[in-house]
Amino acid sequence: MNCAEAQLELAVDPHSPPASVLGHLALCAECRRQRESLTNVVDLVQKPPLPVSEAWLASQRARVWRRLADTPPPTFRWAWVTGVAAAGFLTLWWARPDAPPPPSAGLVQNLEMAQHLDFLESWMEMDHETHS
Amino acid sequence: MTSENQWVEEARAGSTDAFGKLMETHQKQLLGFLFSYTGRLDVADDLTQETFVKAWRAISGFKGNSRFQTWLFQIGLNNLRRWGRRDTLRRFREQVLDLFPKGGEDSRGIDFPDRGGESDPVGRAENRAREKELKEAVGRLPPKEKMVFLLRHEQGMTMREIAETLEVAEGTAKAHLFHAVQKLRKSVEGPQ
């Protein structure tokens, strides 16, 4: 085991490192110093006392159940939101004031006929010019 | 089958009683970790509730490949990350708008209890100063290093459990821990 491996293990548990680390520590003064230093750091950490009582914890559990009762499951909620959004969009789309009416079949036929007439007129003009 | 596994099975089948027992078993540790991380009880309370709400809704999909605690903490850490992003944005906004007076120290981090056993007042004062320094240094750690450090040295989780909770390789979790303790050591001892 080298120093890097030993120090990685010491970070996990400087108080009771595995036997392989202890073997390395017996030979390495720098890692022994590291161990002492890390032990001091870890010893400063203590679980902070939770500033809550058992009654508070019970009330928190009750709040969880209330939240579950008040809010529908997320899939249902998203389906509902998507449905409302889609319905709103379609309503606005159909109700917009500048929406042109859809073209009727008759209008389309007239347009096609007009295009044919234009073509005939230009052809006749060309023919007329050639004869004259 | 242990009683916890039994409760998990029953909760998966829809038993609110069983889920209530699971909640009671893990509530204190989850709340304690979230409180340590955020330094705010109101935030830790909200995140704990959110975690249990999500856990109940997702429990039918819990395969039991890991311990229930690991799975629960995974949900809790996801909530914590989301809160962290929102909190960073909130802090940034506050700084930009300069709405609040400066000088209030960052209260996030661990609240170290008073270690009143020492009779030497000078030694006690020095120790308290080091504890304060460490608390601030923990608050400055990058999120992953802070999570791993608190889960290991405050909550006493094994490296395997931490790796499963964070969904990373055990070696990665160890590397995060190594970097965290090195930074903390330097903060407490000063540059050498």
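No hydrogens, no waters, no symmetry mates; every other heavy atom, side chains included, goes into these values. Within every chain, numbering begins at 1; the chains are lettered A, B, ... in the order of the sequence lines, protein sequences first and strands thereafter.
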**Student:** Test your reading of the model: is there a side-chain donor-acceptor pair from B:Arg152 to the backbone of A:Val12, 3.5 Å cut-off?
**Tutor:** yes

**Student:** Please indicate whether B:Arg160 has more than 12 foreign heavy atoms, meaning atoms of other residues, nucleotides or ligands, lying under 6.0 Å from its CZ.
**Tutor:** no

**Student:** Step by step, would you call A:Trp65 with B:Phe19 a side chain to side chain contact (heavy atoms under 4.5 Å, CB included)?
**Tutor:** CA-CA 10 Å; A:Trp65 289 120; B:Phe19 190 75; 3.7 Å; yes

**Student:** Do A:Val52 and B:Phe35 come close enough that some side-chain heavy atom pair is under 4.5 Å?
**Tutor:** no

**Student:** Are the side chains of B:Glu50 and A:Val64 in contact, using a 4.5 Å heavy-atom criterion?
**Tutor:** no

**Student:** Working to the nearest 0.5 Å, report the span between CG of A:Leu44 and CD of B:Glu133.
**Tutor:** 10.5 Å

**Student:** Chain A: which of B:Gln182, B:Lys54, B:Met159, B:Met23 shares the most heavy-atom pairs with it under 4.5 Å?
**Tutor:** B:Met23

**Student:** Among B:Leu177, B:Val148, B:Leu41, who wins on heavy-atom pairs under 4.5 Å with chain A?
**Tutor:** B:Leu177

**Student:** Under a single-linkage definition using a 4.5 Å side-chain heavy-atom cutoff for Ile, Leu, Val, Met, Phe, Trp and Tyr, are A:Val45 and B:Val188 assigned to the same hydrophobic cluster?
**Tutor:** yes

**Student:** With a 4.5 Å cut-off on side-chain heavy-atom distances among I, L, V, M, F, W and Y, is there a chain of contacts connecting A:Leu8 to A:Val41?
**Tutor:** no

**Student:** Under 3.5 Å, side chain of B:Gln27 to main-chain N/O of A:Leu57, donor-acceptor pair present?
**Tutor:** yes

**Student:** Before you tell me yes or no, could you show the steps for B:Asp46 and A:Arg67 under salt bridge (charged side-chain N to carboxylate O under 4.0 Å, His left out), namely the whole-Å CA-CA distance, both residues' side-chain angles and the distance that decides it to 0.1 Å?
**Tutor:** CA-CA 11 Å; B:Asp46 194 46; A:Arg67 270 171 86 155; 3.1 Å; yes

**Student:** Is B:Thr16 close to chain A through its backbone or its side chain, or both, or neither, when contacts mean heavy atoms under 4.5 Å?
**Tutor:** both

**Student:** Could you measure the distance from the CG atom of A:Asp13 to the OG1 atom of B:Thr158? Nearest 0.5 Å is fine.
**Tutor:** 11.5 Å

**Student:** Please test A:Leu10 against B:Phe178 for side chain to side chain contact (heavy atoms under 4.5 Å, CB included), starting from the C-alpha separation and ending with a verdict.
**Tutor:** CA-CA 8 Å; A:Leu10 285 172; B:Phe178 173 77; over 6 Å; no

**Student:** Just by modelled atom types, is the A:Ala11 backbone N or O under 3.5 Å from a matching donor or acceptor in the B:His153 side chain?
**Tutor:** yes

**Student:** What part of B:Lys28 lies closer than 4.5 angstrom to a heavy atom of chain A: side chain, backbone, both or neither?
**Tutor:** both

**Student:** How many angstroms lie between NZ in B:Lys174 and CD in A:Glu5, if you round to the nearest 0.5 Å?
**Tutor:** 10.0 Å

**Student:** For the candidates A:Pro51, A:Ser37, A:Ala58, which exhibits the highest count of non-hydrogen atom pairs separated by less than 4.5 Å from chain B?
**Tutor:** A:Ser37

**Student:** Would A:Gln60 and B:Leu31 count as a side chain to side chain contact (heavy atoms under 4.5 Å, CB included) if you check the C-alpha gap in whole Å, the side-chain angles of each, and the deciding distance to 0.1 Å?
**Tutor:** CA-CA 10 Å; A:Gln60 189 189 50; B:Leu31 179 70; 3.8 Å; yes

